[in-house]
Amino acid sequence: MATPTPLLKDELDIVIPTIRNLDFLEMWRPFFEPYHLIIVQDGDPSKTIKVPDGFDYELYNRNDINRILGPKASCISFKDSACRCFGYMVSKKKYIFTIDDDCFVAKDPSGKQINALEQHIQNLLCPSTPLFFNTLYDPFRDGADFVRGYPFSLRAGVPTAVSHGLWLNIPDYDAPTQLVKPMERNTRFVDAVLTIPKGTLFPMCGMNLAFDRELIGPAMYFGLMGDGQPIGRYDDMWAGWCIKVICDHLGLGVKTGLPYIWHSKASNPFVNLRKEYKGIFWQEEIIPFFQAAILPKECTSVQKCYVELSKQVKEKLGKVDPYFDKLADAMVTWVEAWDELNPAGASAKLANGKA
């Protein structure tokens with residue numbers, strides 16, 4: 001019997017940031033092998049990263065990033081997993097799935113291995129419902145529907161731009177929570193997918209995440225983190241706050257819940273505290289900023305929205321710390337670099353299968 005073609009085989013790239021050999025891919029082989037991988041090597045570019053045989057991949061290190069982007073490479077973080085967003089930029093596919101190299105295949109309560117990628121694809125291919133909450137969660141899943149009282153005019157939903165997956169074992173906690181709960185593990189498997197309502201922000205984690213690059217790619221910038229920066233571990237959350245404001249403005253949806261991966265190891269809470277220290281204070285001003293951010297109706301594309309947001313970051317958050325002036329400039333550089341590598345019309349060709 002012929003094996004079925006994996007979903008979106010030619011329309012999706014898997015982006016992995018790493019500093020080590022990718023032995024973890026062996027356990028993902030049944031699910032990942034049909035897809036193209038983009039590996040972004042962080043740290044020392046002279047180090048050789050080993051990738052198991054049989055995978056179709058391209059690998060970029062810091063030298064490649066500098067060569068491809070020139071002076072604009074300054075917007076890509078170094079010595080931080082935020083470097084993964086370079087992979088989003090060089091991809092030529094419609095969809096991206098990104099995963100960390102300490103994320104293993106999880107099992108559902110029946111003991112069956114979870115194909116995280118397949119569930120992300122299902123999330124992205126079904127509409128979201130951000131305008132009205134459905135108490136049975138995702139109405140497009142098998143065995144669910146819109147409940148009594150759900151307006152028929154809203155049942156078509158909106159296109160889904162982002163699918164945010166979760167983690168069994170080591171939860172994605174900040175350093176203070178890690179320090180007070182060092183032994184806590186997440187064993188709760190919640191069989192649900194929710195659309196995050198319009199007007200509600202969320203803390204996005206980048207270690208098990210998929211998105212529609214054509215719908216939201218230019219806003220999926222993981223900021224300036226790591227080497228030479230005063231902050232780390234806020235890369236994915238910064239991107240999450242930006243994309244949520246822009247998705248709300250453009251009428252796009254964000255889902256969270258399934259799929260789960262098995263997060264195998266906890267990072268050092270003391271190292272994390274040093275990275276997060278300023279962010280823990282700053283987020284008390286960052287969150288109200290994003291909650292109040294309004295994009296003018298002239299912002300009709302993701303790029304226009306993102307550049308407008310960068311101006312507001314500079315104006316409002318620049319007062320909090322000079323870092324935000326630098327970050328706002330980097331946001332503009334990122335969009336310019338994105339447009340250089342992804343000229344207008346390329347995505348239209350992609351959609352028509354002519355790329």
I need the [X] [atom1] to [Y] [atom2] distance, nearest 0.5 Å.
{"X": "L327", "Y": "Q229", "atom1": "CG", "atom2": "CD", "result": "8.5 Å"}
{"X": "N134", "Y": "F132", "atom1": "CG", "atom2": "CZ", "result": "9.0 Å"}
{"X": "I14", "Y": "F55", "atom1": "CD1", "atom2": "CZ", "result": "8.5 Å"}
{"X": "Y173", "Y": "K181", "atom1": "OH", "atom2": "NZ", "result": "5.0 Å"}
{"X": "C305", "Y": "H249", "atom1": "SG", "atom2": "NE2", "result": "4.0 Å"}
{"X": "R155", "Y": "L131", "atom1": "CZ", "atom2": "CG", "result": "14.0 Å"}

Would [X] and [Y] count as having a side-chain donor-acceptor pair, cut-off 3.5 Å?
{"X": "Q119", "Y": "N123", "value": "yes"}
{"X": "E308", "Y": "Q312", "value": "yes"}
{"X": "H120", "Y": "N208", "value": "yes"}
{"X": "H36", "Y": "D56", "value": "yes"}

Exercise for the section: Tell me, with the steps shown, if K255 and C126 meet side-chain contact (heavy atoms from CB on, under 4.5 Å). Expected result: CA-CA 10 Å; K255 291 181 182 177; C126 289; 3.6 Å; yes
Practice task
Starting from the C-alpha separation in whole Å, work towards a yes-or-no answer on salt bridge (Lys or Arg N to Asp or Glu O under 4.0 Å) for R84 and D42.
Solution key: CA-CA 9 Å; R84 78 177 79 221; D42 198 14; over 6 Å; no
Presence of salt bridge, [Y] and [X], under 4.0 angstrom:
{"X": "D23", "Y": "K50", "result": "no"}
{"X": "D64", "Y": "R67", "result": "yes"}
{"X": "K278", "Y": "D321", "result": "no"}
{"X": "K275", "Y": "D235", "result": "no"}
{"X": "K94", "Y": "D212", "result": "yes"}
{"X": "R233", "Y": "D174", "result": "no"}

Practice task
Let me know which of L250, L215, L124, I216 forms a side chain to side chain contact (heavy atoms under 4.5 Å, CB included) with P159.
Solution key: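 When side chain to side chain contact (heavy atoms under 4.5 Å, CB included) is applied between P159 and each of L250, L215, L124, I216, only L215 qualifies.
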With ring centroids as reference points, do [X] and [Y] lie under 6.0 angstrom apart?
{"X": "W282", "Y": "Y323", "answer": "yes"}
{"X": "Y88", "Y": "F211", "answer": "yes"}
{"X": "F290", "Y": "W238", "answer": "yes"}
{"X": "Y260", "Y": "F189", "answer": "yes"}

Heavy-atom side-chain proximity of [X] to [Y] below 4.5 angstrom:
{"X": "I280", "Y": "L273", "answer": "yes"}
{"X": "I16", "Y": "L25", "answer": "yes"}
{"X": "Y306", "Y": "S310", "answer": "no"}
{"X": "Y234", "Y": "W241", "answer": "yes"}

Fill in the blank from the handout: Sorted by chain and residue number, the ring-ring contact (aromatic ring centres under 6.0 Å, His included) partners of F104 (sequence neighbours excluded) come out as none
Practice task
Kindly write out the residues that satisfy ring-ring contact (aromatic ring centres under 6.0 Å, His included) with F140, not counting sequence neighbours, or none if the list is empty.
Solution key: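 Residues passing ring-ring contact (aromatic ring centres under 6.0 Å, His included) with F140: F146.
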